[in-house]
Structures are given as structure tokens and as C-alpha cells.
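Just so you know, these numbers use all the heavy atoms, side chains as well, and skip hydrogens, waters and symmetry mates. Remember, it's a predicted structure, so these values are computed and weren't measured experimentally. Order of the sequence lines fixes the chain letters, A, B, ..., with proteins taken first and strands second; residue numbering starts at 1 for each chain.
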Number of protein chains: 2
Amino acid sequence: MMADKVTSAEVAARAGVSQSAVSRVFTPGASVSKKTAEKVRKAAAELGYRPNVLARAMVSGKSRIIGLVVAYLENQFYPSALEKLSNALQQRGYHVLVFMASQTSGSIDNVMDEILDYQVDGIVTASVAMSSDITSRCLAAGVPVVLFNRSQDIEGITSVTSDNFAGGRKVAEFLVAGGHTRPGYIAGWEGASTQRDREAGFRQGLATAGIPLFAREVGDFHTERARQAARAMFGGAPETRPDCVFIANDHMALAVMDVLRFELGLRVPEDVSVVGYDDVPPAAWPAYDLTTVRQRANLMVEETVAALMEHIETPQTAAPRRVEIDGPLIPRGSARRPMNLPLEGRNT
Amino acid sequence: MMADKVTSAEVAARAGVSQSAVSRVFTPGASVSKKTAEKVRKAAAELGYRPNVLARAMVSGKSRIIGLVVAYLENQFYPSALEKLSNALQQRGYHVLVFMASQTSGSIDNVMDEILDYQVDGIVTASVAMSSDITSRCLAAGVPVVLFNRSQDIEGITSVTSDNFAGGRKVAEFLVAGGHTRPGYIAGWEGASTQRDREAGFRQGLATAGIPLFAREVGDFHTERARQAARAMFGGAPETRPDCVFIANDHMALAVMDVLRFELGLRVPEDVSVVGYDDVPPAAWPAYDLTTVRQRANLMVEETVAALMEHIETPQTAAPRRVEIDGPLIPRGSARRPMNLPLEGRNT
DNA sequence: TTGAAAGCGCTAACAG
DNA sequence: CTGTTAGCGCTTTCAA
């Protein structure tokens with residue numbers, strides 16, 4: 001009833017027109033008479049014909065595939081971003097080809113080569129650092145790249161992030177206003193721009209208030225290492241402990257809260273205020289109620305797609321840009337709030 | 001330094017061989033002399049040549065692309081499955097093209113058509129039901145389909161799930177052994193085979209023990225609806241409340257626990273035992289410590305990939321199968337345990 | 001507006 | 001083992 005693979009030639013034969021006529025009917029801006037179009041559509045419907053995207057890609061040079069490099073999906077920020085990104089692209093007729101940049105599959109450069117093999121129209125890298133070598137390879141191949149949630153100091157590469165520096169500073173101001181005097185910081189992977197900027201903003205905020213950083217550990221954006229960092233930072237005597245801690249992302253912050261409350265028996269926020277970054281879904285769960293800086297994933301995705309489309313459709317006029325999206329600090333129960341101070345104090 | 005798009009012809013010219021020789025060098029099982037291979041590789045390296053996967057796909061009929069249909073990534077079970085799946089396929093030279101089957105992009109059938117347009121070698125659908133119409137269209141197109149985490153009664157379609165019936169029964173046995181006598185159940189979306197099988201197993205386990213189902217609500221695998229279900233089930237007077245509840249997946253169970261503890265002020269497990277299904281990462285977090293049935297995602301992915309490869313590589317000998325993978329019940333703190341009963345009792 | 005013809009970059013017989 | 005020759009299914013000039 002339905003042929004294995006219907007070609008435009010078969011449709012043409014049935015409709016009594018040329019093969020190119022069929023092609024035109026399925027090409028948005030082509031000129032076909034109503035009559036022809038009708039005949040062709042009818043024949044196509046009867047045969048169950050649909051254009052072969054790959055063949056179209058070959059000749060047109062546009063695959064309508066966007067390569068997405070992602071390192072891991074454990075941090076909930078990424079699945080939700082991926083979902084939004086995929087939806088946004090789908091709406092514009094593009095689709096996402098996923099490349100995991102994990103340990104097993106060799107270095108990131110290999111992955112990028114594989115992507116290029118698929119003749120993708122663009123590449124989005126989520127939280128992955130790129131060598132300038134591979135970057136220029138993409139440029140040479142004419143494939144636009146957008147760094148998502150990472151920026152890089154390389155010449156002219158487009159990146160979309162939240163305003164991490166401002167975010168870090170907001171956290172410092174919030175904690176200072178809350179009356180904290182011994183701030184701790186648990187860093188993410190030190191190679192990441194997000195980590196660097198969040199810390200720099202945080203430190204500047206503290207400096208402005210004249211408060212020194214009381215403790216610092218590294219969690220590498222990794223839950224288990226974040227737990228160790230928390231133990232190192234809070235395992236000692238009360239006077240050696242920070243009275244608040246900013247953790248470079250929620251993914252680690254949730255793990256840290258677990259250690260604080262269930263392992264070390266500390267109360268949050270009475271004994272220690274905790275602030276994260278990202279505002280992933282679990283941060284809002286009552287069991288954590290984590291104060292955090294929101295990354296506006298919707299906006300970030302929008303900007304990413306916009307930049308991509310611009311570079312794909314009008315490469316000549318498209319300039320690389322570095323987008324930084326401001327996000328609000330969301331006060332929740334895991335950190336003492338400025339307003340509450342005079343009312344509640346600490347009853348310990 | 002690096003041409004925009006290097007073709008095999010250019011490599012051939014530089015190496016002083018025919019274009020087909022180049023093709024052979026980059027085709028695993030081809031016969032080329034060492035000398036030729038060397039010359040070609042050298043020229044290719046100098047030019048930065050890599051075969052065009054799309055062109056290869058066109059002529060060979062194999063795109064090495066697997067279409068993945070997924071509805072939403074909010075439930076943590078899916079991102080981790082996606083990550084594993086993508087990794088496993090990547091290792092075999094395949095890649096995943098993502099299709100979100102969400103609201104906006106029309107019905108699932110449209111999505112399947114789009115997938116077919118890309119000449120994918122296979123399709124994995126995660127928690128999506130397929131009409132038998134579209135199923136046969138795939139079969140007609142010779143594209144193998146594997147249902148992941150869903151099974152279907154359609155003729156000969158391959159599916160990979162956990163043993164949901166056995167899992168549901170295990171929960172019943174566990175709760176009954178724990179001394180519970182008023183079991184509640186919060187269902188997932190009733191159109192899902194997973195929901196049906198889990199409930200059927202649960203009910204059979206209860207029936208065997210001679211205990212009737214005390215309450216039932218529907219949460220549709222949706223957190224907000226699960227919360228409403230929890231309120232409906234536990235909002236009344238103590239004697240109208242179940243003493244334990246099995247929730248069709250962890251995604252909902254976590255939300256239900258929040259309502260129970262933070263909204264209704266019930267203690268878990270003292271006032272009510274809670275059991276979920278999936279064993280997503282947050283289930284193990286101390287703040288929830290959710291008793292649940294583990295879905296062995298690793299095994300499920302392995303079986304999915306194995307089935308896919310078999311159907312792709314040897315379609316004639318590959319028979320459709322229905323794989324059900326047994327998973328253990330993981331006892332944690334959210335449910336009273338059988339062993340603890342005589343020791344602890346209830347101190348209310 | 002339409003059809004004929006020329007490829008996109010590659011693989012796969014087919015002779016040699 | 002190697003080169004020659006056909007296409008894969010489609011878009012796109014180019015004439016008509």
C-alpha cells in the first residue's frame with residue numbers, strides 16, 4: 001500500500017509533471033501554478049511522499065541539523081535547557097543532533113570533528129570549553145558556534161550566559177545585608193568561565209562591604225566533591241565555620257545542604273545560610289527551599305537560537321556577540337534574609 | 001590553510017589516485033594496498049579531509065542517525081536514560097537526533113513523519129504511545145522502532161521496560177509486610193502501559209494478602225496533578241487517610257512527599273509510608289530518602305541498543321521482542337520496613 | 001511557469 | 001588492488 005521509499009520522480013510520473021515541478025511544490029519560495037501544485041500534492045499524498053531531507057541537504061548545503069555538545073545531564077539545568085532548545089529549533093525546522101562529550105568518547109576535539117562530518121548548520125556547546133584550534137576549524141568550515149552557559153576569551157566567538165559576575169555580587173550583597181560576617185565559597189570547576197565570574201562577582205561584593213572571604217573549597221561542579229568540600233569547610237569546631245556559604249551552582253548546593261543538615265547536624269539557615277546558583281527545579285522544593293540566583297533558561301535559549309539563526313541565514317552581517325542575561329536572586333528559606341534580621345535575630 | 005569543504009576528489013588529485021581509492025581508504029572493509037592507503041591518508045591529513053556523512057548516507061542508505069522521541073525531560077529518569085543511550089550509540093558510530101513530542105509541535109504522528117524525513121536508521125520512543133498506523137508506516141519504511149519504557153499491544157513491536165507488574169507487586173508485599181492495612185495508590189497517566197502494569201501488580205499483591213485498596217487518585221505523571229491528588233487523598237480526617245501510599249513514579253512521589261510533610265504536616269513514615277517507582281537520583285537524597293523500585297536504566301539502554309543494532313544489521317533474522325527487566329525494591333526511610341515493625345512500633 | 005540537464009559528495013559494482 | 005562508471009534523491013540554473 002505504501003512503497004518503501006517514494007521519490008519525487010515517482011510522484012512526478014503519477015502527477016504527469018516533471019520531477020523538478022515536484023521539487024518546486026515542496027520548496028517554499030518557488031513558482032508553481034495552482035494547477036500543478038494541486039496535481040502534485042494529490043499524487044504525493046496518494047503515494048505518501050515526503051522529501052528526503054538528506055538529499056536536500058546534499059545539494060542545498062543546508063542540513064537543518066544543529067549539533068549539540070553536552071557533557072552531562074545530571075545537573076538539571078541542562079535537561080531543561082536542552083528541552084527548550086530542541087523545541088525552539090524544531091519550531092524553525094531544525095533538529096538537534098546530540099553529542100556527549102564524556103570521558104569515554106575521547107576529547108572534545110574528536111567530538112567536534114564528528115559533528116562537522118554531519119554537515120551541521122550550526123553548533124551549540126553547553127558547558128564545554130573549546131580549543132581555539134577547533135574553533136577556527138568551525139569558522140573555516142563556515143559553521144557558526146554558540147557557547148551556551150560558557151564564555152571564552154577567544155577572538156570572535158558568540159556566547160550566551162547569565163550575568164555571572166553580577167549574580168555573584170548579588171549573593172554577596174544579600175548575605176552581607178543579612179548580617180553574615182564569615183562567608184564561605186565552594187567553587188565549581190576552575191576552568192569554567194561561569195565559576196570564575198561568579199566567584200569574582202562574589203568576592204567583589206564582599207570586598208565592597210569590607211568583609212573578607214572566610215573559607216573556600218572546590219567542588220568542581222561535582223556532587224561528591226562538593227560533599228567533601230562541605231565536610232572540610234564545616235566539619236570543624238563552631239568558631240572555625242563560616243556563617244554562610246555561596247556554592248557555585250545548585251547541583252552542588254543541594255548536596256551540600258544534605259551534608260550540612262543530615263551529616264553534620266547543622267540547621268539551615270539558623271546555623272548557616274546557603275545560597276546556590278541556577279534555580280533548578282529542586283531548588284524550589286520545600287525540602288530544600290534553596291535561595292539561589294536564577295538563570296533565565298528561556299531567555300538564554302532564545303538568544304542562543306537567535307544568534308544561531310542570524311549566523312546561518314545572514315553570515316555576512318552577523319557579528320559575534322557575547323550575551324549576558326541578568327537573573328534575579330530568589331530569596332528562599334535556606335538563607336537568613338536582610339528584612340528578617342531585626343525581627344528574628346538568632347535564638348540559639 | 002584549511003579549505004572550506006574538502007572533497008574526496010581533491011584528496012584523490014593530491015594523492016595521485018582515483019576518487020574511489022580515497023573512498024575505499026575511508027571504508028572499513030575495503031581492499032586497498034598499504035602504499036595507496038598511506039598516500040591517501042597523507043593527502044587527506046594535509047587537506048583536513050573528512051568524509052561527508054550525509055553523502056555517504058545518501059548512497060549507502062545508512063545515515064547512522066537514530067531518532068529519539070521524548071516528551072519531556074523534567075522527570076529525571078529521562079535525562080539519565082538519554083545520556084546513557086547517546087553514549088552507547090556514539091560508541092557504535094551512531095548519533096541521536098532529538099525530537100520533542102511536546103504540545104506545540106503537533107501530534108506524535110507529525111513528529112514521526114519528520115523523523116522519517118531524516119532517513120534515520122532506527123527510532124527510539126521514550127514514553128510515547130504510537131498509533132498502529134504510524135507503526136506500520138515505520139515498518140513499511142524499513143525503520144526499526146524500539147519503545148523505551150512503554151510497551152504496547154500492537155502486533156510485533158519491540159519494547160524495553162522494567163518488569164512493572166512484578167515491581168508493583170513487590171511494593172504491595174513490602175507494604176503489607178510492613179504492617180500497613182490501608183494502602184493508597186496515586187496513578188500515572190492512565191494511557192501508559194507502565195501505569196497500568198504497576199497498578200495491576202500492586203493490586204494483585206494486595207489481593208493476595210486480602211487487603212483492599214483503600215484510596216486511589218490520579219496524578220498523570222505530572223507533579224502539580226500529583227500534589228492535588230495527595231491533597232485529595234490526605235486532606236481529610238485521620239481515619240479517612242491511607243496509612244501508606246504507592247505512587248506510580250518518583251517524579252510524582254517527591255512532590256507528594258512535599259505536600260504530605262510541608263503542607264499537611266504529616267510525618268513520613270510515622271504517619272504515612274511513601275513508595276515510588278524509578279529510583280531517580282533525588283530519591284536517594286537524604287531530604288527525601290524515598291523507598292522505591294529501581295528501574296535499571298543501564299540494562300534497559302543496553303537492551304534497547306542491542307535490539308536496535310540487531311534490527312538494523314540483520315533485519316531478516318531479527319524478531320520483535322518484549323524485554324522486561326526486573327528491578328529491586330530499594331528500602332529507604334520513607335516507608336516503614338517489615339523488619340522494624342516489632343522493634344519500633346508507632347509511638348504516636 | 002515549466003522541463004531538461006547538471007551536479008551535491010560519496011559508494012558500489014564492474015572490468016581490468 | 002585499482003580506475004571507470006553509474007547513480008542515491010534532490011535543488012537549481014537554463015531555455016523554452
Ion pair A:K42/A:E38, N-O distance below 4.0 Å:
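The answer is no: the pair does not qualify as a salt bridge.
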Check this for me: does any side-chain nitrogen of one of A:R321 and A:E310 sit under 4.0 Å from a carboxylate oxygen of the other?
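Here A:R321 pairs with A:E310 in a salt bridge, since their nearest N and O are under 4.0 Å apart.
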Only one of A:I134, A:L147, A:L116, A:I66 passes side-chain contact (heavy atoms from CB on, under 4.5 Å) with A:I123; say which it is.
A:L116
Ranking B:V32 and A:T7 by the position along DNA chain D of their nearest nucleotide, the one closer to 5' is B:V32
Can you work out whether B:S18 or B:M58 has the more 5'-proximal nearest nucleotide on DNA chain D?
B:S18
OP1, OP2 of [N] versus side-chain N and O of [X]: anything below 4.0 Å?
X     : N      : result
B:S31 : D:dC1  : yes
A:S60 : D:dT11 : no
A:Y49 : D:dC10 : yes

Measure CG/A:N52 against C1'/D:dG9 and give the value in whole Å, please.
6 Å
B:R24 CZ to D:dG3 C1', straight-line distance once rounded to whole Å
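Those two atoms, CZ and C1', are 7 Å apart.
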Under 3.5 Å, side chain of B:Q90 to main-chain N/O of A:M100, donor-acceptor pair present?
yes
If you look at every strand shown and take non-hydrogen atoms under 4.0 Å, does A:S20 touch a base, only sugar-phosphate, or nothing?
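Contact class for A:S20: base.
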